[in-house]
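Encoded as C-alpha coordinates, the structure appears first; notes follow it.
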Amino acid sequence: MNTPPEPWAPPNAVQDTHTGSTTLSADRHALLPNKPALPAGLAITRRSRFAVKAEGSASIQARTVVRSVLALMVGTGGSAELTARRIENCLAELVAIAYTRTRGEDMLCEVWMDGEHVFISVEHDEALPLHPDQTTVGLNVVKTVADDYGTHINGTIHQTWAAIRPV
(Lines give C-alpha, C1' and ligand atoms only; values in the text may rest on other atoms or scores of the structure.)
Protein backbone atom coordinates (compact mmCIF):
# COMPACT_ATOMS: atom_id res chain seq x y z
CA MET A 1 0.00 0.00 0.00
CA ASN A 2 2.96 2.34 0.54
CA THR A 3 3.36 3.92 -2.89
CA PRO A 4 6.02 6.46 -3.75
CA PRO A 5 4.70 9.89 -4.73
CA GLU A 6 4.72 10.89 -8.35
CA PRO A 7 7.20 13.61 -9.36
CA TRP A 8 5.63 17.05 -9.13
CA ALA A 9 6.71 20.66 -9.31
CA PRO A 10 4.55 23.77 -8.96
CA PRO A 11 3.47 25.38 -12.23
CA ASN A 12 5.73 28.40 -11.70
CA ALA A 13 8.82 26.36 -10.80
CA VAL A 14 12.05 26.73 -12.71
CA GLN A 15 14.44 23.79 -12.96
CA ASP A 16 18.19 24.42 -13.11
CA THR A 17 19.55 22.19 -15.88
CA HIS A 18 23.03 22.09 -14.33
CA THR A 19 22.14 21.11 -10.76
CA GLY A 20 18.68 19.59 -11.30
CA SER A 21 17.27 21.66 -8.43
CA THR A 22 13.87 23.30 -8.67
CA THR A 23 13.14 26.81 -7.43
CA LEU A 24 10.05 28.97 -7.54
CA SER A 25 9.98 31.96 -9.86
CA ALA A 26 9.50 35.49 -8.50
CA ASP A 27 5.69 35.15 -8.50
CA ARG A 28 5.81 32.24 -6.02
CA HIS A 29 3.18 33.87 -3.80
CA ALA A 30 0.62 33.53 -6.61
CA LEU A 31 0.83 29.74 -6.27
CA LEU A 32 -0.74 29.71 -2.79
CA PRO A 33 -2.87 32.89 -2.67
CA ASN A 34 -5.09 32.20 0.37
CA LYS A 35 -3.12 29.59 2.29
CA PRO A 36 -1.83 29.85 5.85
CA ALA A 37 1.76 30.84 6.56
CA LEU A 38 4.31 28.09 7.18
CA PRO A 39 7.04 27.97 9.80
CA ALA A 40 10.35 29.35 8.49
CA GLY A 41 12.26 26.90 6.31
CA LEU A 42 9.31 24.61 5.51
CA ALA A 43 8.23 24.05 1.91
CA ILE A 44 5.25 22.02 0.71
CA THR A 45 5.04 19.58 -2.15
CA ARG A 46 3.19 16.29 -2.25
CA ARG A 47 5.82 15.00 0.18
CA SER A 48 7.19 16.94 3.12
CA ARG A 49 9.91 15.87 5.55
CA PHE A 50 10.77 17.51 8.81
CA ALA A 51 12.89 16.66 11.81
CA VAL A 52 11.82 16.87 15.44
CA LYS A 53 14.11 16.70 18.44
CA ALA A 54 14.15 13.25 20.06
CA GLU A 55 12.91 14.46 23.42
CA GLY A 56 9.77 14.30 25.54
CA SER A 57 8.04 17.08 23.58
CA ALA A 58 8.63 15.42 20.19
CA SER A 59 4.94 14.55 19.72
CA ILE A 60 3.92 18.16 20.30
CA GLN A 61 6.62 19.38 17.91
CA ALA A 62 5.48 16.97 15.19
CA ARG A 63 1.81 17.85 15.68
CA THR A 64 2.57 21.59 15.41
CA VAL A 65 4.51 21.25 12.16
CA VAL A 66 2.17 18.74 10.51
CA ARG A 67 -0.85 20.98 11.24
CA SER A 68 0.58 23.66 8.91
CA VAL A 69 1.56 21.09 6.30
CA LEU A 70 -1.89 19.47 6.30
CA ALA A 71 -3.67 22.82 5.94
CA LEU A 72 -1.89 23.16 2.60
CA MET A 73 -2.13 19.51 1.53
CA VAL A 74 -5.73 18.64 2.41
CA GLY A 75 -7.20 22.11 2.93
CA THR A 76 -9.27 23.50 5.77
CA GLY A 77 -12.89 23.34 6.86
CA GLY A 78 -15.38 20.51 7.22
CA SER A 79 -14.12 17.05 6.38
CA ALA A 80 -10.57 18.29 5.72
CA GLU A 81 -10.27 19.32 9.37
CA LEU A 82 -11.55 15.92 10.53
CA THR A 83 -8.96 14.23 8.34
CA ALA A 84 -6.23 16.55 9.63
CA ARG A 85 -7.11 15.76 13.26
CA ARG A 86 -6.95 12.01 12.58
CA ILE A 87 -3.55 12.44 10.94
CA GLU A 88 -2.23 14.68 13.74
CA ASN A 89 -3.29 12.16 16.40
CA CYS A 90 -1.82 9.24 14.50
CA LEU A 91 1.49 11.05 13.89
CA ALA A 92 1.71 12.09 17.55
CA GLU A 93 1.37 8.44 18.60
CA LEU A 94 3.93 7.25 16.02
CA VAL A 95 6.41 9.88 17.22
CA ALA A 96 5.83 8.94 20.87
CA ILE A 97 6.54 5.28 20.04
CA ALA A 98 9.55 6.08 17.84
CA TYR A 99 11.02 8.30 20.57
CA THR A 100 11.46 5.23 22.78
CA ARG A 101 13.30 3.48 19.93
CA THR A 102 15.61 6.33 18.83
CA ARG A 103 19.22 6.80 19.88
CA GLY A 104 19.94 9.96 17.86
CA GLU A 105 19.15 13.59 18.57
CA ASP A 106 16.46 13.95 15.88
CA MET A 107 13.67 11.92 14.33
CA LEU A 108 12.69 12.35 10.70
CA CYS A 109 8.94 12.63 10.11
CA GLU A 110 7.30 12.56 6.72
CA VAL A 111 3.85 13.22 5.29
CA TRP A 112 2.82 12.59 1.68
CA MET A 113 -0.27 11.79 -0.30
CA ASP A 114 -1.38 9.86 -3.31
CA GLY A 115 -4.82 9.79 -4.92
CA GLU A 116 -6.47 7.87 -2.07
CA HIS A 117 -4.46 8.24 1.15
CA VAL A 118 -2.39 10.56 3.25
CA PHE A 119 0.71 8.73 4.51
CA ILE A 120 2.74 9.62 7.56
CA SER A 121 5.96 8.05 8.80
CA VAL A 122 8.60 8.37 11.47
CA GLU A 123 12.13 6.95 11.34
CA HIS A 124 13.67 5.26 14.38
CA ASP A 125 16.74 3.17 15.15
CA GLU A 126 15.35 0.05 16.81
CA ALA A 127 12.58 -2.32 15.76
CA LEU A 128 9.25 -2.19 17.55
CA PRO A 129 8.72 -5.18 19.86
CA LEU A 130 6.84 -8.17 18.44
CA HIS A 131 4.54 -8.24 21.46
CA PRO A 132 2.94 -5.07 22.82
CA ASP A 133 4.65 -3.45 25.79
CA GLN A 134 4.20 -0.17 27.65
CA THR A 135 6.02 1.81 24.94
CA THR A 136 3.78 0.56 22.13
CA VAL A 137 0.38 1.04 23.73
CA GLY A 138 -0.06 3.99 21.33
CA LEU A 139 -0.20 1.52 18.45
CA ASN A 140 -3.78 0.85 19.53
CA VAL A 141 -4.57 4.47 18.61
CA VAL A 142 -2.76 4.05 15.29
CA LYS A 143 -4.67 0.83 14.57
CA THR A 144 -7.97 2.60 15.31
CA VAL A 145 -7.28 5.79 13.35
CA ALA A 146 -5.30 4.50 10.35
CA ASP A 147 -6.57 2.43 7.46
CA ASP A 148 -3.25 0.59 7.35
CA TYR A 149 0.15 0.78 9.02
CA GLY A 150 3.46 -1.02 9.05
CA THR A 151 7.22 -0.78 9.33
CA HIS A 152 9.85 -0.76 6.60
CA ILE A 153 13.49 -1.50 7.31
CA ASN A 154 16.14 0.21 5.23
CA GLY A 155 19.55 -0.93 6.42
CA THR A 156 19.63 0.05 10.09
CA ILE A 157 16.78 2.58 9.90
CA HIS A 158 13.21 1.55 10.69
CA GLN A 159 10.38 3.60 9.25
CA THR A 160 6.98 3.10 10.87
CA TRP A 161 4.19 4.45 8.68
CA ALA A 162 0.42 4.80 8.60
CA ALA A 163 -2.04 5.44 5.77
CA ILE A 164 -5.23 7.41 6.35
CA ARG A 165 -8.00 7.81 3.81
CA PRO A 166 -9.52 11.32 3.90
CA VAL A 167 -13.18 11.47 4.98
Side-chain angles (χ1 to χ4, degrees), residues 1-10 32 35-36 38-39 42-104 106-167:
M1 172 173 257
N2 190 358
T3 58
E6 52 193 73
W8 180 84
L32 305 170
K35 301 292 183 176
L38 289 172
L42 188 64
I44 299 297
T45 63
R46 289 187 183 195
R47 178 182 291 254
S48 290
R49 295 179 179 149
F50 56 93
V52 295
K53 291 285 182 200
E55 57 190 22
S57 64
S59 291
I60 296 168
Q61 293 173 42
R63 186 185 290 264
T64 301
V65 173
V66 84
R67 186 172 292 139
S68 297
V69 172
L70 291 171
L72 294 169
M73 284 184 146
V74 299
T76 58
S79 64
E81 287 188 20
L82 291 173
T83 298
R85 289 284 183 206
R86 289 176 58 211
I87 295 165
E88 287 175 30
N89 290 334
C90 196
L91 180 62
E93 292 300 330
L94 287 180
V95 168
I97 295 164
Y99 168 62
T100 65
R101 308 289 177 197
T102 299
R103 292 184 300 269
D106 296 315
M107 293 182 293
L108 182 63
C109 300
E110 199 165 1
V111 58
W112 70 99
M113 52 192 309
D114 66 9
E116 296 179 23
H117 295 89
V118 176
F119 295 91
I120 54 175
S121 70
V122 180
E123 290 185 0
H124 47 97
D125 299 312
E126 299 172 12
L128 298 181
L130 295 175
H131 302 289
D133 66 9
Q134 290 180 347
T135 63
T136 60
V137 170
L139 275 178
N140 291 325
V141 173
V142 174
K143 290 175 187 177
T144 302
V145 172
D147 294 305
D148 197 8
Y149 74 98
T151 299
H152 292 288
I153 302 171
N154 185 7
T156 61
I157 300 296
H158 296 78
Q159 180 188 50
T160 300
W161 60 271
I164 299 172
R165 183 174 285 123
V167 288

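- Checked by atom type and distance alone, the side chain of Asp106 never pairs as donor or acceptor with a backbone atom of Ala51 at under 3.5 Å.
- Note: Ile157 CD1 to Leu108 CG = 9.0 Å, rounded to the nearest 0.5 Å.
- Val95 and Ser59 make their closest contact through CG1-N, 3.6 Å (heavy atoms, listed as atom of the first residue, atom of the second, distance).
- Considering every non-hydrogen atom in both Ser121 and Trp161, the closest pair reads CB-CB, 3.8 Å.
- Heavy-atom minimum distance, Asp114 versus Glu116: OD1-N, 2.8 Å.
- For the atom pair Thr160 OG1 and Ile97 CD1, the distance stands at 7.5 Å (nearest 0.5 Å).
- The closest donor-acceptor contact from the side chain of Thr83 to the backbone of Val167 lies under 3.5 Å.
- In this structure Arg63 satisfies the side chain to side chain contact (heavy atoms under 4.5 Å, CB included) test together with Arg67, Glu88, Asn89, Ala92, sequence neighbours excluded.
- Between the side chain of His158 and the backbone N or O of Asp125, at least one donor-acceptor pair lies under 3.5 Å.
- The CD atom of Gln159 sits 5.5 Å away from atom CD of Glu123, with the distance rounded to the nearest 0.5 Å.
- The backbone N or O of Lys53 sits less than 3.5 Å from a side-chain atom of Gln61, completing a donor-acceptor pair.
- Closest approach of Val118 to Pro166, counting heavy atoms only: CG2-CG, 4.2 Å.
- To the nearest 0.5 angstrom, Phe119 atom CZ is 9.5 Å from Arg47 atom CZ.
- When the shell of 6.0 Å around CG of Leu82 is examined, it contains more than 12 heavy atoms from other residues, nucleotides or ligands.
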Criterion side chain to side chain contact (heavy atoms under 4.5 Å, CB included) on Leu94 and Ile120, from CA distance to verdict: CA-CA 9 Å; Leu94 287 180; Ile120 54 175; 4.0 Å; yes
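- In this structure, CZ on Arg103 lies 7.5 Å from OG1 on Thr156, to the nearest 0.5 angstrom.
- For the pair Arg86 (side chain) and Val145 (backbone), a donor-acceptor distance under 3.5 Å is present.
- The two atoms that bring Cys109 and Ala62 nearest to each other are SG-CB, 4.3 Å, heavy atoms only.
- With rounding to the nearest 0.5 Å, the separation of OG1 in Thr102 from CD in Glu55 is 12.5 Å.
- Take Tyr99 and apply the side chain to side chain contact (heavy atoms under 4.5 Å, CB included) test, not counting sequence neighbours, and it matches Ala54, Met107.
- When all heavy atoms of Val142 and Glu93 are compared, the pair lying nearest together is CG2-CB, 3.9 Å.
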